[in-house]
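Okay, so here's the structure we're looking at.
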Amino acid sequence: MKESEKGQALRHREMVETLRRYGIADQRVLDAFQKVQRHLFFERDATDSAYDDGAYSIGFGQTISQPYTVAYMTTLLVERVPSGKVLEIGTGSGYQAAILDALGYSVFTIERIVELYERAVKLFSRLGLNITCRFGDGTLGWDDEAPFDGIVVTAGAPGEPKLLMCQLAENGSMIIPLGNAALQEMTVMTREGDMFRREVFQRFSFVPLVGREGWHNTVF
Ligand code: SAM
């Protein structure tokens, strides 16, 4: 192993330890973060910061989320839905989808920016990951593949996207940041028959969920 690779491997282990120190306690989640190499989801010339606990630009005004945020959302999912079929809205860099894949979920992901969608398709193929991608407005969900045991929305929504909620399986959970453009509360909606149980957790700041049941293009 080259010196630079040794340094990267060390920073990767330190990132996972940082997540543990920040309160991410589920060993399945920590193992998935140790398995997936975050630098592969960055542009080649921007990998130096890949194992810092930060959100970074991936172009087109979008970001790869902070590892802590990804770990927090993943923990909320794993605790409620330990296996099954999961839909992610907002493929972005592909990192969250790869973490879900490492946990053994069957992963479907939708991205509305065509360049990011195409980049993720190529990357998943190069890494040999069996993640199914779609280009389009994720707020409409993926009717042909529904129902989903879990739905993870990785952009901030102004309200509950009803079409997506209808695509949850019985006892399925949707993890979604809900709020205004600046700040959102991490929210879990769990389907119980025709009702949805709502749990609210800590605040985060995401890029906007843009689409028919999200923010409208004209706002951003
Ligand atoms: N999960 C991503 C990752 O691991 O890199 C996080 C990406 S970023 C925080 C949110 C992504 O959601 C952006 O790529 C953005 O284009 C996408 N997005 C926003 N609204 C969307 C929508 N209605 N449908 C699909 N993707 C959307």
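For the single chain, residues carry numbers from 1 onward in sequence order. Atoms within a ligand are numbered from 1 in the order they appear, just like the ligands themselves.
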Inset, instruction - Look at the side-chain heavy atoms of Ile, Leu, Val, Met, Phe, Trp and Tyr, link any pair under 4.5 Å apart, and say whether F201 and V78 land in one connected group. - result: yes
Legend entry - Enumerated ligand 1 atoms positioned under 4.0 Å from heavy atoms of T139: 23 (N)
Inset, instruction - Check if P208 has a non-hydrogen atom at a distance under 4.0 Å from any atom of ligand 1. - result: yes
Inset, instruction - Identify which of T91, I89, T154 has a heavy atom lying nearest to atom 10 (C) of ligand 1. - result: T154
Inset, instruction - For I64, counting its heavy atoms only, list the atoms of ligand 1 lying under 4.0 Å from any of them. - result: 5 (O)
Inset, instruction - Take every heavy atom of G214, measure it against each atom of ligand 1, and state whether any distance is under 4.0 Å. - result: no
Inset, instruction - Give the numbers and elements of all ligand 1 atoms closer than 4.0 Å to a heavy atom of G136. - result: 24 (N), 25 (C)
Legend entry - Atoms of ligand 1, numbered as shown, that sit under 4.0 Å from any heavy atom of I113: 16 (O)
Legend entry - Path from V86 to V121 over hydrophobic side-chain contacts below 4.5 Å: no
Inset, instruction - Name the closest protein heavy atom to atom 8 (S) of ligand 1, giving the residue it belongs to and the distance to 0.1 Å. - result: T63 O, 3.1 Å
Legend entry - Single hit among I89, T132, T139 for side chain to side chain contact (heavy atoms under 4.5 Å, CB included) with I110: I89
Inset, instruction - Spell out, yes or no, whether Y56 and I113 are grouped together once hydrophobic residues are joined by side-chain heavy atoms under 4.5 Å, including indirect joins. - result: yes
Legend entry - Atoms in ligand 1 flagged as close to V207, the criterion being non-hydrogen separation under 4.0 Å: 8 (S), 9 (C), 10 (C)
Inset, instruction - For ligand 1, find out whether one of its N or O atoms is nearer than 3.5 Å to an N or O atom of V210. - result: yes
Inset, instruction - Could you list the atoms of ligand 1 found under 4.0 angstrom from a heavy atom of L116? - result: 14 (O)
Legend entry - ligand 1-proximal atoms of D137, by part, heavy-atom distance under 4.0 Å: both
Legend entry - For the student: nearest non-hydrogen atoms of L129 and A98, plus distance: CD1-CB, 3.9 Å
Legend entry - ligand 1 to G138 polar contact by distance, N or O atoms, under 3.5 Å: yes
Inset, instruction - Would you indicate whether the side-chain heavy atoms of L163 and E213 approach each other to under 4.5 Å? - result: yes
Legend entry - Within-cut-off N or O pair, Q96 and ligand 1, under 3.5 Å: yes
Inset, instruction - State, with a plain yes or no, whether a side-chain heavy atom of P161 is found less than 4.5 Å away from one of I176. - result: yes
Legend entry - G90 N/O to ligand 1 N/O under 3.5 Å: yes
Legend entry - Heavy-atom check, side chain of R38 versus side chain of S93, under 4.5 Å: no
Legend entry - atom 14 (O) of ligand 1 [closest protein heavy-atom partner, distance rounded to 0.1 Å]: E111 OE1, 2.7 Å
Inset, instruction - Tell me which protein heavy atom sits closest to atom 26 (N) of ligand 1, plus the residue, atom name and distance to 0.1 Å. - result: R112 N, 3.3 Å
Legend entry - Contacting atoms of ligand 1, where contact means under 4.0 angstrom from a heavy atom of S65: 6 (C), 9 (C)
Inset, instruction - Answer yes or no: is there a donor N or O on one side and an acceptor on the other, between the side chain of D137 and the main chain of R212, under 3.5 Å? - result: yes
Inset, instruction - For the pair Y68 and Y22, name the ring-plane relationship: parallel under 30°, tilted 30 to 60°, perpendicular over 60°. - result: perpendicular
Inset, instruction - Would you check if there is a donor-acceptor pair between the side chains of T190 and S173 at a distance under 3.5 Å? - result: yes
Legend entry - Residue part near ligand 1, for Q62, under 4.0 Å between non-hydrogen atoms: side chain
Legend entry - Interfacing atoms of ligand 1 (cut-off 4.0 Å, heavy-atom, S93): 3 (C), 4 (O), 5 (O)
Legend entry - Within 45° cone and under 6.0 Å: K85 NZ/CZ vs F108 ring: yes
Inset, instruction - Decide whether the shortest distance between a heavy atom of E88 and an atom of ligand 1 is less than 4.0 Å. - result: yes
Inset, instruction - Please work out which of the three classes, parallel, tilted or perpendicular, describes the rings of H12 and Y51, given edges at 30° and 60°. - result: parallel
Legend entry - Heavy-atom gap A98 to ligand 1 smaller than 4.0 Å: no
